[in-house]
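Notes to accompany the following structure.
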Amino acid sequence: MAIRPLEIVPSVCPHDCTSTCALEVERLDERTIGRVRGSQRNTYTRGVICEKVGRYAERTHHPDRLMHPMKRVGPKGSGRFARISWDEALDTVARAFQEKAARHGPETVWPYYYAGTMGLVQRDGINRLRHVMRYSRWFSTICVTLSDSGWIAGTGMKRGVDLREIDDHSDLVVIWGGNPVNTQVNVMNHALAAKRRGATLVVVDPYRTGTAERADIHLAVRPGTDGALACAMMHVLFAEGFADWDYLRAYTDAPDELARHVATRTPEWAAAITGLSAESIADFARRYGRTKRSFIRCHHGFSRSRNGAVNMHAVSCLPAVTGAWQYEGGGALYGQTALYPLDRSLIEGLDVADKSIRALDQSRLGAILTGDPAALHGGPPVTAMLVQNTNPAMVCPDLNLVHRGLAREDLFLCVHEQFLTETAAFADIVLPATTFVEHDDFYTASGHTYFQVARKVIEPPGECRENHEVIRGLARRLGATHRGFEMTPWEIMDWTLKRSGMWDAETNWRRGGQDCAPPFRKAHFLDGFETADHRFHFKADWKRFGGRWAQMPVLPDHFDVIDGATAAKPFRLVAAPARTFLNSTFTETPSSRRREVRPTACVNPADCEALGIVEGDRLTLGNERGEVIVHAMPREGQQRGVVVVEGVWPNKHFENRLGINALTSSEPGFPHGGAVFHDTAVWIRKS
Ligand code: SF4
């Protein structure tokens, strides 16, 4: 018998990770994949992917995949369902949406989605239905709102220096507020290439992450104090002659004001705020100032705080003070998503969007579903939802309130998912969804500059349908008309790419993605920043974002609005990502569960001693929003008063069946919103 050669199909990782890795998927037959590997065709990801996606077959062919539509036959949240046909399911959803809209107006329907896939057609097509039907609009706040605001306040646009430069050109690499060993393995790959060449690797993070363990220097700041550290660094840079005044005069808005301002932000001042020693702050500043080839990779983690935008802006000021932006291997990167000249009107139905319709805040789901008039913008209650690509019953802040809202009997909930998630368990109708290997889509990246198209690799299992097909089916039943509903995903991609002046879908797919990296001068802002006066702005115009801008410091500073430790709640909680989960995704795969073991709180050994805690002790973490039960792990490398719990574990894995987000707040960050997952004061009780 002839042995069939192994078929390798190119693809792209769709998960909520800035790496957007180029993949090669083994196709064993028309319904089965084998191993997934990184593709060498992408010079950023260059063959490296994380372990969880390497084992994607485990997830694709998981016995718990949803295979057919279901309707609820038990109480809300009971998880008791009966099989129904697709026609019955979609008819039921359309009828419910029509009835609710007839009673309360169309804004009562709130399509809700997020980043379970980052593919633009399958993720964002839900907005086309929203806009055509005039349903409540979407204010996306759970991930990048704070970090975007902070970065854009200085540079004017979400783009930065190509990280590939660090391999051969950076003398100092700073990974600030992120843990790429867990979350973006490619950053680590490039940083270690630089380190092998002799570059110094510095990590700024409140705890000793896997990334910090590989660094030459780890600065374990207190959560939410990064702005103070950056200000004190600027103090040293100005005071000790590391500022590039020619650059400052040519490229920045207010260097003299900044120099005067940070004159009082000494290392001793920052030491009292950050918990670091004044010596370590000054040493870091000098190392940063001594080379112009210093590169900062700004991650999202340190922005997930009420003052996160101010912190991000303060850090982005550093290369403008030393003039590092001018040099190969110098500057900074937060994200590259503004590089892609993509016309999204067909995908999202932007041609029919009406900005007068209220936009509800994704992170305020609990307040919205429990009838908070401010969260509802004074409008009608939300009584019907379609949820795609997200699991708010695990990932939303203020989880007690979210669960109370999802349990409302008058809320009609349809969830289209790959697994029976804890959100799906609250649903009236559950629909089975495809994974990325079972549909076509295309992808921007944030950590690099490739735009990539992916074809489906295998046929969907059971009765699973792609998001686009579900949206089309609902549109037909609701009488929603838009040409996007008449097209296939491939046609939408092709039309969009041609319209945007990019390679067509077939060419992109065949060539392994289009690299949209700008030339050196543009990437390094040497033709000017993307602000109105083309200068980097030390003075942030927070007003442009709206919200509570008037309370914010104009120049970089420590903005003391965090949920600080008190006598009653003496610990600051960091709810950090785990290595083999990705938000709530992969929590269902056995290998990830084995590796992560159980919900665990890492506590400084001196705090453990003071509280009489030893490894494995059962701890209750609590505050005014709720309590969660975890197990103790004494850990060096974080300050006293800091507690770290990695991973968004399913609620069912906690003894009291409430996950870590029972503790996090849905209070919006400054100026105009954004979730504050790492800005939480708690008490710890040995139980
Ligand atoms: S590193 Fe990120 S983008 Fe790459 S395979 Fe893993 S989850 Fe996907």
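Counting from 1, the numbers follow the sequence of the chain as shown. Every number for a ligand or one of its atoms is a count from 1 in the order of the listing.
- Ser316 is linked by a side-chain hydrogen bond (donor to acceptor under 3.5 Å, both in side chains) to nothing, counting only residues two or more places apart in sequence or in another chain.
- Protein contacts to atom 4 (Fe) of ligand 1 involving N, O or S atoms at a distance below 2.8 Å are Cys21 SG.
- Pairs of residues two or more places apart, or lying in two chains, never qualify as salt bridge (Lys or Arg N to Asp or Glu O under 4.0 Å) while including a residue from residues 201-213.
- Atom CZ of Arg41 has more than 12 heavy atoms from other residues, nucleotides or ligands within 6.0 Å.
- Ring geometry for Trp176 against Phe302 counts as tilted: the plane angle lies between 30° and 60°, on a 0 to 90° scale.
- Every side-chain hydrogen bond (donor to acceptor under 3.5 Å, both in side chains) that Glu422 has, sequence neighbours left out, goes to Asn651.
- The ligand atoms of ligand 1 that sit less than 4.0 angstrom from a heavy atom of Leu582 are 7 (S).
- Between His15 and Tyr56, a ring centre-to-centre spacing shorter than 6.0 Å is recorded.
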